[in-house]
Novice: 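Quick one: the structure is below, questions incoming.
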Amino acid sequence: MAVLTAFTAAFVVALGAAGLAWLVRVRDATWDVPGVPWPVAHPVLGGHEPPTHAWNRFHARWYPMSLVLVAFEMEMMVMYPWAVVYVEVGVKALVEMAVFLSLLGLGLAYAWREGVFTWQ
Amino acid sequence: MAVNVLVVAGGGARSAITRLLADERVRVIDSPRHADVMLVVGSVPVEFGPALRAVHDQLAAPRAVRWWTASPQQLPGIPHAASITGADPVPELRAALDDEPHGVLQPDEPPTEWRGEGPYGTGGEGMMGGTPYGRPMVMTGDDLRDGLALDPLSLTVGPLLSPLPTGLVLDVSLQGDVLVKVEVRDSPFANNPATWRGTEPPWTDLDSPPPLRDGRTVDVDISISELETWRVRHHLGSVARTLRLAGLDALARRTARMAVADPLPAPSRIRRLDGWLARVGLRGLLDGVAAIGPDTFTDGLIARAAGTAVDQRIDDPAYADLGFHVVTHGGGDALDRMRQRLSEAAQAVQLAGRAERRATSIDRAEGSHGPLADHADCGLRLLQALPSLLLGMEWGDAVTTIDSLDLDMSLMARARRTGSGVLN
């Protein structure tokens with residue numbers, strides 16, 4: 001009985017969310033807005049039509065992203081236990097964390113200069 | 001209120017467009033969707049018809065088009081375009097906002113039917129099979145930068161894409177923002193200029209240097225004062241155009257006003273602008289973009305901006321009298337070319353002031369890109385080098401590069417016609 005109520009509740013919530021999403025949907029100029037002619041919807045290229053769609057894939061370039069992840073994930077790993085003991089240990093812990101962060105900041109600076117953070 | 005004008009530069013349009021840039025009642029913009037009116041300036045080849053129709057359909061209502069030409073005719077491709085023949089187009093441009101709305105000129109059909117291959121129309125290549133929404137999907141291709149094979153977007157960037165020179169057609173392939181393939185197609189201006197429709201607008205004084213304008217032959221002398229005056233106005237007009245591309249509209253307007261000012265602006269004003277650029281540098285936009293080394297081009301302004309001291313005027317005794325010395329900049333990037341134009345303009349003002357009755361001949365005169373007699377060839381060489389220059393650049397940098405080369409496709413076509421490099 002409880003399962004049935006839970007199931008119904010979940011179903012109703014899902015339907016509600018879907019309905020809300022449908023209400024706020026993005027309207028495509030070509031298909032949803034009536035009366036937009038095809039030549040108006042063409043992308044502005046200065047006289048020619050594009051031969052294909054522009055739905056092309058971009059590679060996330062996992063390797064530099066993995067390196068950045070390793071650098072900052074390990075920093076997070078240290079900060080969790082540090083946060084627990086920080087109050088008892090006091091200023092010494094603060095100084096140690098500042099040193100650690102500055103070393104990691106060097107890594108960040110290197111990644112920045114290598115252009116890892118530019119979107120291309 | 002400024003009128004938003006999308007400008008299409010036909011033959012002989014340079015002077016008129018510089019005057020538009022100088023006018024505070026007009027805002028020259030790059031996108032048809034933002035435009036109040038599309039203004040076609042100068043003579044137009046019939047081959048522009050389809051491209052004009054395509055851009056016309058993308059204009060905002062009421063899709064007003066005006067043609068600024070001295071001889072009224074029907075614009076190729078757009079039957080409802082009215083002609084403007086006077087020296088001041090702005091009142092008629094403002095009136096164009098009240099035009100009756102015009103419909104689209106191209107057929108209102110999807111590019112191809114939405115149907116793939118096979119009995120149910122669901123087959124074919126690509127992620128979704130067939131041609132969804134009328135076009136096929138992009139297929140994979142190699143990337144320049146590393147060994148990945150993802151989807152390069154192929155486009156033909158047409159003759160009327162605004163920041164690029166009118167008439168330049170490029171087949172490009174983009175991986176994201178990066179150009180991985182560039183080819184220059186034949187320009188619609190390439191056919192016989194005698195078949196172009198219409199004539200230049202009422203202003204043509206900045207367009208071609210004196211000998212090319214009046215149809216003189218190679219044996220006649222050119223007045224140095226006229227040549228250097230033309231040089232000042234030409235280079236200041238280029239700088240104004242680049243500043244507008246950079247988004248500095250007010251500065252572009254001031255520079256365009258200097259370009260059309262009569263008498264010529266004082267060299268100190270031009271140098272002040274040059275100094276400001278040297279300090280500010282427009283970093284990220286111009287600085288460090290498109291460095292063209294001294295061995296890529298060995299002629300003219302581009303070589304001088306790369307540090308090579310090559311100039312037709314060095315050996316000319318008439319110029320030696322006037323105290324001419326070659327100006328160069330190191331580096332050869334887009335900022336250096338802009339500063340080179342400003343320095344040469346400042347120097348040209350002084351030369352024009354001192355020249356009095358001195359004259360030079362066509363084979364010894366220096367034009368805007370190189371020796372005046374080789375004007376067409378310099379332009380063609382620039383076009384041939386474009387693919388190797390632009391490959392691997394991001395799109396924004398590519399547009400900056402093309403703008404910094406100061407190409408004029410219609411002038412190149414007219415100069416090429418006579419074979420000797422000189423307009424008829």
Side-chain angles (χ1 to χ4, degrees), chain A residues 18 21-73 105-120, chain B residues 8 30-33 48 50-59 63 103-111 126-128 131-140 143 145-146 148-162 164 166 168-169 171 174-178 185 188 394:
Chain A
W22 187 83
L23 284 174
V24 299
R25 71 192 184 284
V26 173
R27 285 152 71 81
D28 181 344
T30 315
W31 295 96
D32 297 322
V33 178
V36 174
W38 279 91
V40 175
H42 287 168
V44 176
L45 289 179
H48 293 264
E49 273 181 39
T52 62
H53 282 292
W55 292 333
N56 50 340
R57 292 166 289 184
F58 302 94
H59 199 266
R61 292 195 155 82
W62 305 112
Y63 179 61
M65 291 301 119
S66 313
L67 294 183
V68 170
L69 172 79
V70 163
F72 294 102
E73 191 81 1
L106 282 178
L108 176 65
Y110 169 72
W112 196 326
R113 283 200 55 186
E114 288 296 306
V116 166
F117 299 121
T118 58
W119 174 257
Q120 210 192 42
Chain B
V8 171
D30 291 330
S31 169
R33 303 203 196 275
F48 267 12
L52 281 170
R53 273 202 296 275
V55 178
H56 162 274
D57 289 344
Q58 292 166 339
L59 285 171
R63 296 202 185 97
V104 295
L105 293 172
Q106 293 175 293
D108 184 5
E109 298 160 355
M127 294 195 291
M128 291 173 63
T131 56
Y133 292 86
R135 286 186 225 280
M137 299 294 290
V138 186
M139 300 307 296
T140 55
D143 191 342
R145 294 166 284 177
D146 45 32
L148 299 171
L150 282 177
D151 307 340
L153 188 61
S154 295
L155 300 169
T156 302
V157 175
L160 304 181
L161 189 63
S162 193
L164 303 186
T166 305
L168 183 64
V169 186
D171 282 328
L174 295 161
Q175 284 269 10
D177 252 3
V178 174
R185 268 214 215 165
E394 287 187 15

Novice: Measure B:Val8 against the heavy atoms of chain A and call it side chain, backbone, both or neither at under 4.5 Å.
Specialist: neither
Novice: State whether the side chain of B:Gln58 and the backbone N or O of A:His42 hold a donor-acceptor pair below 3.5 Å, judged by distance alone.
Specialist: yes
Novice: Can you check side chain to side chain contact (heavy atoms under 4.5 Å, CB included) on A:Val44 and B:Leu161, steps first, answer last?
Specialist: CA-CA 8 Å; A:Val44 176; B:Leu161 189 63; 4.2 Å; yes
Novice: Tell me whether the count of non-hydrogen atoms from other residues, nucleotides or ligands lying under 6.0 Å of CZ in A:Phe72 goes above 12.
Specialist: yes
Novice: Tell me, for B:Gln106 versus chain A, whether the close heavy atoms (under 4.5 Å) come from the side chain, the backbone, both or neither.
Specialist: both
Novice: Would you check if the side chain of B:Asp57 reaches a backbone N or O of A:Val40 as a donor-acceptor pair within less than 3.5 Å?
Specialist: no
Novice: For a quick test of reading the model, state the closest non-hydrogen atom pair linking A:Pro51 to B:Ser154 and the distance between them.
Specialist: CD-O, 3.2 Å
Novice: So which part of B:Arg53 gets closer than 4.5 Å to some heavy atom of chain A, the side chain, the backbone, both or neither?
Specialist: neither
Novice: Do A:His48 and B:Pro50 have side chains that get closer than 4.5 Å, going by heavy atoms?
Specialist: no
Novice: State, to 0.1 Å, how close A:Gly47 and B:Val55 come at their nearest heavy-atom pair, and which atoms those are.
Specialist: N-CG2, 4.4 Å
Novice: Could you please spell out the steps behind the side chain to side chain contact (heavy atoms under 4.5 Å, CB included) verdict for B:Leu153 and A:Thr52?
Specialist: CA-CA 8 Å; B:Leu153 188 61; A:Thr52 62; 3.9 Å; yes
Novice: Identify the two heavy atoms, one from A:Gly46 and one from B:Ala51, that lie closest to each other, and give their separation to 0.1 Å.
Specialist: O-CB, 4.0 Å
